Amino acid sequence: MTRRYCSLPQQSAPAFAPGLAAERLGALVGGRRMWVNGTALHYYFFDAGTDASVIPVPGTGETRRVPWAGAEEQRNVVRECFREWQDLGIGVMFAEVLDRREAELRIGFQLGDGSWSAVGRDALSAGANDRTMNLGWDLTEPGGRWTALHEIGHALGMQHEHQSPFAGVHWDDEALYADLAGPPNHWSRDRTDFNILRRLDPAESNGSVWDPQSVMQYPFGPGLILEPEHYHNGLYPPGSLSPADKEFVLRWYPPADPPAVLVPFRSAPLSLGPGGQADFTVEPPETRVYSVGTFGESDSVVVVFEERDGEPRYLAGHDDGGTPHNTRIRVRLVKGRRYFVRVRLHSTWGSGETAVMCW
């Protein structure tokens with residue numbers, strides 16, 4: 001079977017302030033891309049009429065348009081895969097929208113551009129008219145469904161499983177470079193390094209044990225893995241969600257509890273451990289710009305959503321992780337509407353006492 005591989009966009013590692021304690025740094029690395037639980041991720045499929053890449057035609061000095069739109073049968077595979085993740089009972093919801101301005105995830109099907117996705121909250125830094133995910137080959141072919149499940153895993157914040165520091169894989173580097181340089185991937189050595197040979201920080205891996213059955217694990221043919229020896233003839237995961245995949249997303253995105261009420265000008269103490277989350281509703285007594293923020297010695301991410309048609313819509317968010325400051329968000333709230341404030345804690349230090357307030 002032809003092995004086409006997901007190629008994540010190369011990004012530099014985040015720069016945190018020097019001198020952070022190892023436990024604090026690990027919490028920041030592990031949680032910086034994860035969504036707050038209770039987020040509704042809206043996805044949009046690019047339109048056939050207007051959305052395309054303009055690429056040069058080699059040797060001609062001319063360019064051609066390569067559309068981003070996918071046929072309905074391609075979109076249906078993606079819809080089915082979103083439902084499969086959703087049906088696990090996770091606290092993150094998926095909803096298709098027809099207006100790209102309402103979408104956190106914007107999906108293209110440009111052939112020849114490979115398959116890739118922004119990882120978790122990295123999608124928020126993409127331009128409003130840019131793709132956050134591309135599915136670059138026919139999803140109705142064998143292995144196509146695995147591709148869509150895999151890229152949605154990235155959108156949820158998951159990393160490549162074969163890059164886990166717990167895998168203990170010893171590669172035949174030159175054989176791997178040669179295999180990936182050929183069709184259908186045509187990867188440079190740098191791209192192979194970034195997507196396969198580079199080891200993840202233990203804090204950002206999907207778990208503390210390697211899961212070769214994960215949907216985030218690439219298949220590999222014979223002769224590319226030297227050790228463990230029983231994979232010398234190839235590693236072929238089933239292309240479906242493994243028990244460990246399900247455990248990972250349910251740990252980060254468990255079924256949500258009913259939110260508490262956050263009354264303006266009244267602080268709410270937060271009794272959270274690392275990775276914990278508190279959820280609140282706010283019903284503003286007047287229409288104006290409010291501040292929403294945390295207090296205490298903590299690293300946290302705060303996100304404000306507005307309820308529209310029964311769904312939380314992202315308004316604003318801020319992550320103060322790795323800084324000596326607390327989160328502060330200024331956002332206009334309208335009387336008569338309902339808002340959600342979600343606080344996820346990365347870590348605490350000092351007294352460990354933290355609180356959130358809207359004022």
Side-chain angles (χ1 to χ4, degrees), residues 31-44 86 90-106 120-126 128 132 155-157 252-272 275-296 298-321 323 325-346 354-359:
R32 67 187 178 91
R33 286 177 162 136
M34 307 305 292
W35 303 96
V36 297
N37 200 27
T39 297
L41 290 175
H42 303 88
Y43 63 91
Y44 166 81
Q86 184 76 77
I90 60 177
V92 167
M93 299 151 280
F94 301 109
E96 184 177 350
V97 293
L98 302 179
D99 185 340
R100 74 185 67 182
R101 294 171 297 181
E102 297 181 353
E104 291 81 23
L105 310 179
R106 294 176 296 280
R121 286 193 290 143
D122 285 352
L124 296 177
S125 62
T132 68
L156 286 167
W252 277 100
Y253 309 118
D257 294 326
V261 176
L262 186 61
V263 179
F265 299 102
R266 188 180 303 171
S267 68
L270 300 172
S271 300
L272 300 174
Q277 182 171 317
D279 300 294
F280 302 89
T281 60
V282 176
E283 296 186 6
E286 59 180 312
T287 299
R288 63 175 176 83
V289 174
Y290 289 78
S291 293
V292 179
T294 55
F295 299 86
S298 67
D299 294 309
S300 58
V301 55
V302 178
V303 183
V304 180
F305 300 87
E306 181 179 86
E307 186 176 59
R308 300 180 206 159
D309 301 322
E311 288 183 1
R313 297 298 181 106
Y314 179 94
L315 279 187
H318 182 244
D319 190 334
D320 64 23
T323 73
H325 311 293
N326 289 121
T327 295
R328 291 289 185 275
I329 298 172
R330 287 180 56 79
V331 61
R332 186 174 184 270
L333 307 183
V334 178
K335 182 180 179 180
R337 298 182 186 176
R338 189 170 184 242
Y339 298 85
F340 298 97
V341 174
R342 307 195 190 278
V343 185
R344 168 160 269 167
L345 185 77
H346 295 306
T354 57
V356 63
M357 179 184 275
C358 173
W359 69 97

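Note that the structure is a prediction, hence the values are computed from the model and not measured.
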Rounded distance (nearest 0.5 Å) linking atom CG of Leu41 with atom CG of Leu156: 7.0 Å

Side chain to side chain contact (heavy atoms under 4.5 Å, CB included) assessment of Leu270 paired with Val356: CA-CA 7 Å; Leu270 300 172; Val356 63; 4.0 Å; yes

Full working for side chain to side chain contact (heavy atoms under 4.5 Å, CB included) between Tyr314 and Leu124: CA-CA 10 Å; Tyr314 179 94; Leu124 296 177; 4.0 Å; yes

Side-chain donor or acceptor of Glu283 paired with backbone N/O of Arg338 under 3.5 Å: no

Non-hydrogen side-chain atoms of Glu307 and Phe340 separated by less than 4.5 Å: yes

Gln86 side chain vs Phe94 backbone, donor-acceptor pair below 3.5 Å: yes

Straight-line distance of Arg308 CZ to Glu102 CD, nearest 0.5 Å: 7.0 Å

Test applied, side-chain contact (heavy atoms from CB on, under 4.5 Å); reference residue, Val36; option that passes from Val343, Asp319, Val301: Val301

Expected output: side-chain Glu311 to main-chain Ala40 donor-acceptor under 3.5 Å: no

Within-4.5 Å side-chain heavy-atom neighbours: Phe305 and Arg313: no

Residues, nucleotides or ligands: over 12 heavy atoms within 6.0 Å of Arg288 CZ: yes

Minimum-distance pair of heavy atoms, taken over all atoms of Leu262 and Ala268: CD1-CB, 3.9 Å

Donor-acceptor under 3.5 Å (Asn326 side chain, Gly293 main chain): no

Shortest non-hydrogen separation from Pro312 to Gly38 and the atoms involved: CG-O, 3.7 Å

Distance (rounded to the nearest 0.5 Å) between Phe295 CZ and Arg328 CZ: 4.5 Å

Minimum heavy-atom distance Thr281-Pro259, with the two atoms named: CG2-CG, 3.5 Å

Donor-acceptor contact present, side-chain Arg121 to main-chain Arg32, <3.5 Å: yes

Side chain to side chain contact (heavy atoms under 4.5 Å, CB included) evaluation trace for Asn37 with Arg344: CA-CA 8 Å; Asn37 200 27; Arg344 168 160 269 167; 4.3 Å; yes

Ser291 side chain to Trp359 backbone, donor-acceptor under 3.5 Å: no

Exercise: identify the closest heavy-atom pair between Cys358 and Val282: SG-CG1, 4.2 Å

Tyr253 side chain to Trp35 backbone, donor-acceptor under 3.5 Å: yes

Nearest heavy atoms of Val341 and Val304, plus distance in Å: CG2-CG2, 4.4 Å

Arg337 to Tyr339, cation-pi by 6.0 Å centre distance and 45° axis angle: no

Any side-chain heavy-atom pair of Val302 and His318 under 4.5 Å: no

Whether Asp320 side chain and Thr327 backbone form a donor-acceptor pair below 3.5 Å: yes

Spatial distance of atom CD (Glu306) from atom CZ (Arg332) [nearest 0.5 Å]: 10.0 Å

Over all atoms of both residues, closest heavy-atom pair of Ser298 and Leu345: CB-CD1, 3.7 Å

Separation between OG of Ser300 and NE2 of His346, rounded to the nearest 0.5 Å: 7.0 Å

Value rounded to 0.5 Å, distance of NE2 in His325 from OG1 in Thr294: 12.0 Å

Any donor-acceptor N/O pair, Arg33 side chain to Asp122 backbone, under 3.5 Å: no

